[in-house]
J.: 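One structure follows; several queries about it will come next.
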Amino acid sequence: MLYIGIDLGTSAVKLLLMEQSGRVLRTVQRRYPLSFPRNGWSEQSPEDWWSQTCAGARALLEGFDPAAVDGISFGGQMHGLVLLDWEDQVIRPAILWNDGRAVQETAWLNREIGEDRLSALTGNIAFAGFTAPKLLWVRAHERERFSRIDKIMLPKDFLAYRMTGVHSTDYSDAAGTLLLDTAHKQWSAEMLRICGIRAEQLPVLRESWQVTGTLRPEAARALGLPESVRVCAGAGDNAAAAVGTGTLTDGSCNLSLGTSGTLFIACDQFRLPQNHALHAFAHATGGYHLMGCMLSAAACNQWWMENILKSGDFSGEQAHVSQLGNNPVLFAPYLMGERTPHNDTAVRGAFVGLSLNTSRGQMTQAVLEGVAFAFRDALEIARSVGAEVRRATVCGGGAKSPVWRHILTNVLNIPMDYIQTEGPAIGAAMLAAKGCGTCGSLEELYRRTRTEGFGPEVKKRILLGTFVLSADCYDSYYKKALQARARLKAAFDAVFQRYDLLLTPVAPTTAPRLGEGLADPLSLYLSDIYTVPANLAGLPALSMPCGFDRSGLPIGAQLIGPALGDLAVLDAAHAYQQETDWHRRHPDTPATAKGGDAL
């Protein structure tokens, strides 16, 4: 028997054909357009999803017997809003997960309903990408369209509806709407009331592997399949990908090191982290999961390599990494703000501990380590609510780097398996096989995949090529980095009220000295603030003295605020000297008339 997994992504739909043994026979991909009608908006036509899925299915089955296909399931982009009227016509283009129009509605939910109340109701606080804020936006700005709503759907569920005529969704995808009482696996009556919708407008809830129906005649013809093919509910993209990586049982964990990063931990029980530091969602297995989401993971290394070093030789640059666990430079990887655990759109990236001796290799290493430390942040929070993680898998483009994999396994201090996966599509096919009842358990299917194992060196040091690894050393280093990043975040909170706020010229009064004004060895001393020149594309930057105390903790920093652009670093003492020299040459010019000089 054959099974089809459909991964409905943001830019393309990927279809995968898997035989009963778990072997992948073919994959195809069909792209569709993405629309940005206004700044910060992101939309797509659901009809494009359907037409490209049908075209992809016909291409997928070329050379195979369609009658051998037993089931179909899905993994799909989460949080999107699809609205249908009483005649099953799409009311408006789908509002996608990366759409930012519902900022005010998100702020209202978190402020007026309250983050604690939202978390108690749904397991999460509000984010602009979630579905509920989008519904509030439509109600406020498109009243006529809101009044016509008969069915509310998530993106992958539109495909399932076109196939079966059954209005359903699964728990993992529903958990990302901010409408689901995740702990009790039912729609939250209070959230429905807040959003002004009725329960009958929402889909029926199912487990991810459950069969929701068979193909309607017109859908069967469009897909090139028999009407007997069974359709299973499917899962959100992260949960479906977790199935494909074997993240299935309590405590199993997967790190996805893509442009963004996710730490996905399967849980048998619903766990709610304090301070809303991780997402608490339902899993495709029937259980739950905790998820840390980093907005910039491999994107940090891409920014550093391509925008700053102007190099495409990723492995060549990483060959200079030689002080694992003993790097004097730290990096905060918040180039686009951060989602979990900080939930801060304004925080930005930083290098800490730069000196005249800082090398190119140390800064490259700091970028890799900074991302690893962010994963460790999420892991520690999960552990604080009882998650027991003893091993993990890692996948994604960044995981192709052996150096980065070894840094990750030592920073997290757990064994890891590097896997190459087909992402949500293989997980969706596995769910279809389970739902049709012919292929045993998901665990049995996953055990047929190949992995490459590696593990941390704990309580000893071992030479691996040119790299000296020590998990014990990284454990101490992580604690120092955690303290330093907390103070960097406080600095940004104090100085930058918004991510796009530019510093205004300020005339310094006294030149800062290293270590001056420290309340304790860990306090970062903020010097006078200098102007960011206009030729640096408006990148916010804050200058501080740089050094370490006798215990090795940073007592100063050169702090930068890049947003995927050119690097802006100002040295405090030199900037002060340039400022005073300029005023000596222009004694009649007000201090606020001059911008700072780039060094």
Side-chain angles (χ1 to χ4, degrees), residues 1-19 23-36 42-78 80 82 84 88-90 92-97 153-166 168 173 212-237 240-241 244 422-433 436:
M1 304 303 290
L2 303 179
Y3 300 93
I4 296 175
I6 299 175
D7 173 18
L8 185 71
T10 309
S11 58
V13 60
K14 179 178 180 179
L15 296 92
L16 177 146
L17 189 64
M18 184 188 79
E19 64 181 7
R23 186 165 68 99
V24 175
L25 301 176
R26 178 180 290 169
T27 62
V28 301
Q29 182 172 284
R30 291 292 183 271
R31 302 186 67 85
Y32 32 69
L34 186 64
S35 173
F36 305 100
S42 180
E43 298 181 347
Q44 276 177 334
S45 167
E47 294 298 337
D48 288 342
W49 301 336
W50 175 243
S51 64
Q52 293 305 98
T53 297
C54 293
R58 293 189 295 270
L60 185 74
L61 293 168
E62 288 181 4
F64 294 95
D65 181 7
V69 176
D70 191 21
I72 297 174
S73 192
F74 314 88
Q77 51 169 299
M78 296 177 66
V82 182
L84 270 60
D88 282 350
Q89 298 300 305
V90 175
R92 67 166 339 279
I95 306 177
L96 303 189
W97 64 273
M153 297 182 180
L154 292 159
K156 76 173 191 340
D157 303 322
F158 176 80
L159 295 182
Y161 184 69
R162 290 295 298 264
M163 291 182 186
T164 66
V166 177
S168 65
D173 214 359
T212 61
T214 56
L215 294 180
R216 294 192 293 183
E218 59 271 28
R221 288 192 297 271
L223 294 163
L225 288 167
E227 297 176 26
S228 59
V229 172
R230 290 173 282 186
V231 178
C232 301
D237 51 5
E422 296 288 351
I426 183 65
M430 291 167 65
L431 289 169
C436 292

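When reading the values below, keep in mind they use all heavy atoms of this one structure, side chains included, and skip hydrogens, waters and symmetry mates. Count residues from 1 along the sequence.
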J.: Answer whether the closest heavy-atom distance between the side chains of Leu60 and Ile4 falls below 4.5 Å.
T.: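 Heavy-atom side-chain distance check passes, below 4.5 Å.
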J.: Evaluate the side-chain proximity of Leu2 to Leu25: yes if any heavy-atom separation is below 4.5 Å, no if none is.
T.: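 Side-chain contact under 4.5 Å: yes.
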J.: Could you give the distance from CD1 (Ile72) to CZ (Arg230), rounded to the nearest 0.5 Å?
T.: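 Rounded to the nearest 0.5 Å, the CD1-CZ separation comes out at 11.5 Å.
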J.: Looking at every non-hydrogen atom in both residues, tell me the closest pair between Ala67 and Pro226 and how far apart they are.
T.: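 Of all heavy-atom pairs spanning Ala67 and Pro226, the closest is CA-CG, 4.2 Å.
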J.: Find out whether Phe74 and Leu8 are in side-chain contact, i.e. whether some heavy atom of one side chain is under 4.5 Å from a heavy atom of the other.
T.: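 No. Closest side-chain heavy atoms not under 4.5 Å.
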J.: Considering non-hydrogen atoms only, spot the tightest contact between Pro424 and Gly75 and give its length.
T.: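 Minimum heavy-atom separation between Pro424 and Gly75: CB-CA, 4.3 Å.
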J.: Going from CG on Leu223 to CD on Glu218, what distance comes out if it is rounded to the nearest 0.5 angstrom?
T.: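 The distance works out to 10.5 Å.
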J.: Provide the closest heavy-atom pair for Ser73 versus Ala233 in the form atom of the first, atom of the second, distance.
T.: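 Distance-wise, the nearest heavy atoms are OG-C, 4.1 Å.
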J.: Answer yes or no: is there a donor N or O on one side and an acceptor on the other, between the side chain of Arg26 and the main chain of Leu15, under 3.5 Å?
T.: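 It does not hold such a pair.
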J.: Quick one: pull up NZ in Lys156 and CG in Asp7 and give me the separation to the nearest 0.5 Å.
T.: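 Going from NZ on Lys156 over to CG on Asp7, the span is 12.0 Å.
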J.: So which heavy atom on Arg92 is nearest to which on Val90, and how close?
T.: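 Taking Arg92 first and Val90 second, the nearest heavy atoms are O-CG1, 3.1 Å.
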J.: Is there a side-chain contact between Trp49 and Leu159 (heavy atoms, below 4.5 Å)?
T.: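 Answer yes - side chains close enough.
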J.: State, with a plain yes or no, whether a side-chain heavy atom of Met153 is found less than 4.5 Å away from one of Phe158.
T.: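 Answer yes - side chains close enough.
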J.: Side chains of Val13 and Ile6: does their closest heavy-atom pair fall under 4.5 Å?
T.: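 Result yes, sub-4.5 Å side-chain heavy-atom pair found.
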J.: Return the minimal non-hydrogen interatomic distance between Ala240 and Ala428, and the atom names on each side.
T.: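 Taking every non-hydrogen atom into account, CB-N, 4.5 Å.
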J.: Between OH of Tyr32 and OG of Ser45, what distance do you get to the nearest 0.5 Å?
T.: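 With rounding to 0.5 Å, OH (Tyr32) is 11.0 Å from OG (Ser45).
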J.: Using the side chain to side chain contact (heavy atoms under 4.5 Å, CB included) definition, which of the options Arg30, Glu47, Arg31 pairs with Gln52?
T.: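 When Arg30, Glu47, Arg31 are each tested with Gln52, the side chain to side chain contact (heavy atoms under 4.5 Å, CB included) holds only for Arg30.
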J.: Are any of the side-chain heavy atoms of Leu96 and Thr10 separated by less than 4.5 Å?
T.: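 The answer is yes, as the side chains (C-beta and beyond) meet within the 4.5 Å cut-off.
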J.: Please report the shortest heavy-atom distance between Tyr3 and Ala429, naming the atom on each side.
T.: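 Looks like CB-O, 3.9 Å.
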J.: When rounded to the nearest 0.5 angstrom, what distance separates CG in Leu34 from OG in Ser11?
T.: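 Here the interatomic distance stands at 8.0 Å.
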